[in-house]
> 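After the structure tokens below, expect a handful of questions from me.
If you're wondering where the values come from, they're calculated on a predicted model, not measured in any experiment. Convention: sequence-line order gives letters A, B, ...; per-chain numbering from 1.
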Number of protein chains: 2
Amino acid sequence: MTVTAGEPREATGPGGSEGSGGPGGPELWRMLQRAQARITRALEAELLLGHDLALASYDVLTRLAESPDRRLRMNDLADRVLLSRSGLTRLVDRLQRDGLVEREACPDDARGLFAVLTDDGAVRLAEATPTYLRGVHAHLLGALGADELSRCAAVLARLAGPPSGEG
Amino acid sequence: MTVTAGEPREATGPGGSEGSGGPGGPELWRMLQRAQARITRALEAELLLGHDLALASYDVLTRLAESPDRRLRMNDLADRVLLSRSGLTRLVDRLQRDGLVEREACPDDARGLFAVLTDDGAVRLAEATPTYLRGVHAHLLGALGADELSRCAAVLARLAGPPSGEG
DNA sequence: CCTATGTAGATGCATGTGCAACGTTCTAAG
DNA sequence: CTTAGAACGTTGCACATGCATCTACATAGG
């Protein structure tokens with residue numbers, strides 16, 4: 001058995017315009033990973049530097065702000081934020097320590113908890129949002145054309161699966 | 001890095017919907033994150049389940065296998081693998097514990113180390129590669145058309161920045 | 001030779017993450 | 001009412017990650 005079972009020996013490189021033949025798969029995936037990591041790090045650094053806010057925290061705050069009554073069940077929040085349940089528990093712990101979020105029991109279901117955006121959290125989010133938006137434009141949109149943008153949106157929508165961002 | 005004086009568009013305050021005017025920016029970024037996370041988790045789970053190999057480990061093994069003499073300086077490897085220096089140190093530690101990789105001093109530079117793919121590591125990589133490829137096809141290519149694929153490749157190549165996979 | 005600056009990796013520490021297990025509460029079945 | 005099973009959220013544990021720091025080596029300048 002050879003080591004290179006299905007590995008593309010040597011790709012044509014980033015400029016190669018091969019649309020079929022196979023090497024597109026893993027290579028595309030690598031690039032997707034790289035792109036995501038690059039943008040994530042840039043955004044995280046800018047947010048952290050300017051507002052002491054991690055990207056995940058910003059996401060939580062945003063989701064909460066988007067939701068009616070600024071509140072969301074932990075479970076739903078976890079889905080939107082792309083974190084495990086335990087991960088969200090810890091993150092909300094931290095946010096609560098910082099006074100950006102509160103936990104509130106919901107009367108309907110005694111085992112359910114709401115994460116509620118506090119006033120302080122809303123302010124912090126409002127302060128950080130311009131930085132976030134600026135970062136997204138600089139790192140994502142800056143490298144894209146308008147047509148590519150819409151195309152990617154369609155493709156990514158399929159890859160991202162269930163939206164889970166709509167309420 | 002200088003944050004160019006971009007136009008913050010609309011810094012929607014708390015409660016406002018950020019998407020008004022164009023769903024392109026943050027929404028696209030959200031989808032990119034979701035897509036990457038989704039595929040990463042699926043791949044990681046499959047690789048872990050079938051071969052006791054984390055995705056990062058698989059990446060390291062692959063990079064090593066692609067390189068001449070199956071070896072790479074730690075620094076170069078860290079760039080390719082999208083990990084910090086310390087992160088790579090720990091990962092190679094684990095890989096070395098498992099006998100998949102070895103460290104070798106290089107004669108040119110006494111402070112430099114090569115990470116070398118062992119025979120065992122090559123076997124393990126060969127075993128895992130079909131799973132990996134299958135996963136990429138299932139989760140990435142399965143949702144894409146051929147034309148979308150090449151388009152995305154071009155876009156992502158730009159977003160991913162320097163290839164850093166080429167010598 | 002000796003010192004100063006830069007580079008390659010490794011390590012201490014703090015943090016973040018997920019899995020598995022747990023307690024609690026809701027729902028269904030008897 | 002009692003019991004079984006499922007769902008919500010939290011916690012114990014191990015692990016992975018990054019930043020700042022540290023050691024060892026390399027290179028430039030005296």
Side-chain angles (χ1 to χ4, degrees), chain A residues 33 36-38 40-49 52-60 63-64 71-98 100-116, chain B residues 33 36-38 40-49 52-61 64 71-98 100-116:
Chain A
Q33 285 180 107
Q36 197 270 351
R38 172 177 286 262
T40 292
R41 292 185 186 191
L43 244 47
E44 176 114 25
E46 292 165 9
L47 238 37
L48 228 41
L49 195 72
D52 271 316
L53 220 55
L55 191 55
S57 302
Y58 179 84
D59 269 1
V60 165
R63 299 299 189 174
L64 257 26
R71 74 189 51 209
L72 232 37
R73 291 282 291 266
M74 292 294 286
N75 228 331
D76 302 333
L77 189 53
D79 286 341
R80 283 168 173 73
V81 145
L82 220 46
L83 229 56
S84 70
R85 267 62 180 164
S86 62
L88 180 66
T89 293
R90 316 285 190 178
L91 180 52
V92 170
D93 282 351
R94 274 165 271 159
L95 257 24
Q96 195 170 19
R97 266 201 291 276
D98 290 348
L100 271 34
V101 162
E102 276 178 358
R103 278 182 170 90
E104 232 177 87
C106 69
D108 278 5
D109 198 332
R111 67 205 204 277
L113 282 180
F114 282 111
V116 189
Chain B
Q33 285 179 108
Q36 196 270 351
R38 173 177 284 262
T40 291
R41 290 185 185 191
L43 244 45
E44 176 113 23
E46 292 166 7
L47 238 35
L48 228 41
L49 195 72
D52 271 315
L53 220 56
L55 189 56
S57 301
Y58 179 85
D59 269 2
V60 163
L61 263 36
L64 256 27
R71 75 187 51 209
L72 232 36
R73 291 283 291 267
M74 293 294 287
N75 227 331
D76 301 333
L77 188 53
D79 287 341
R80 283 168 173 74
V81 146
L82 220 47
L83 228 57
S84 70
R85 268 59 181 167
S86 62
L88 180 66
T89 293
R90 315 286 190 176
L91 179 52
V92 170
D93 282 351
R94 273 164 279 166
L95 257 23
Q96 194 170 20
R97 266 199 290 277
D98 290 347
L100 270 35
V101 162
E102 277 178 358
R103 278 182 170 89
E104 233 177 85
C106 69
D108 278 6
D109 197 332
R111 67 205 204 274
L113 283 180
F114 282 111
V116 188

> Atom CG in A/Leu113, atom CG in A/Leu77: separation rounded to 0.5 Å?
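Between atom CG of A/Leu113 and atom CG of A/Leu77 there are 11.5 Å.
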> N/O contacts under 3.5 Å, protein versus nucleotides 1-7 of chain C?
{"residue": "C/dT7", "atom": "O2", "partner": "B/Arg111", "partner atom": "NE", "Å": "2.8"}

> Can you tell if the side chain of A/Val60 reaches within under 4.5 Å of the side chain of A/Leu100, non-hydrogen atoms only?
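Answer no - side chains too far apart.
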> Looking at five pairs on each end of the helix from C/dC1-D/dG30 to C/dG30-D/dC1, what is the angle between the two axes, given to 10 degrees?
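For the helix from C/dC1-D/dG30 to C/dG30-D/dC1, the axes at either end differ by 0°.
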> Encode nucleotides 12-20 of chain C as B, S and - characters from 5' to 3', where the letter depends on protein heavy atoms closer than 4.0 Å: B to the base, S only to sugar-phosphate, - to neither.
BB--SSBB-
> Sequence neighbours excluded, which residues qualify as salt bridge (Lys or Arg N to Asp or Glu O under 4.0 Å) partners of B/Glu104?
B/Arg71
> Could you list the residues that satisfy salt bridge (Lys or Arg N to Asp or Glu O under 4.0 Å) with B/Arg111, not counting sequence neighbours?
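Listed in chain order: B/Asp109.
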> Could you go through A/Thr40 and B/Gln36, starting from their C-alpha distance and side-chain angles, then the distance that decides it, and tell me whether this counts as side-chain contact (heavy atoms from CB on, under 4.5 Å)?
CA-CA 11 Å; A/Thr40 292; B/Gln36 196 270 351; over 6 Å; no
> Can you list the residues that meet the side-chain hydrogen bond (donor to acceptor under 3.5 Å, both in side chains) rule with A/Ser84, with sequence neighbours excluded?
A/Ser86
> Going by the rule salt bridge (Lys or Arg N to Asp or Glu O under 4.0 Å), which residues pair with A/Asp52 if we only count those two or more places apart in sequence or in a different chain?
none
> Can you sort out the partners of B/Arg85 under salt bridge (Lys or Arg N to Asp or Glu O under 4.0 Å), two or more places apart, ordered by chain and number?
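Counting only residues at least two positions away or on another chain, B/Arg85 forms a salt bridge (Lys or Arg N to Asp or Glu O under 4.0 Å) with B/Asp79.
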> Chain B on DNA chain D: first and last contacting nucleotide, 5' to 3', under 4.0 Å to a heavy atom?
D/dA16 to D/dA26
> Looking at residues at least two apart in the chain, or sitting in another chain, which of them share a side-chain contact (heavy atoms from CB on, under 4.5 Å) with B/Leu82?
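Partners of B/Leu82 under the side-chain contact (heavy atoms from CB on, under 4.5 Å) test: A/Arg34, A/Ala37.
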> Restricting to side-chain hydrogen bond (donor to acceptor under 3.5 Å, both in side chains), what partner residues turn up for B/Asp93, sequence neighbours left out?
B/Arg103
> I'd like to check the side-chain contact (heavy atoms from CB on, under 4.5 Å) partners of B/Ala54; sequence neighbours left out, ordered by chain and number.
B/Glu44, B/Leu48, B/Ser57
> Give me the atom names and distance for the closest heavy-atom approach of B/Leu83 to B/Leu88.
CD2-N, 3.7 Å
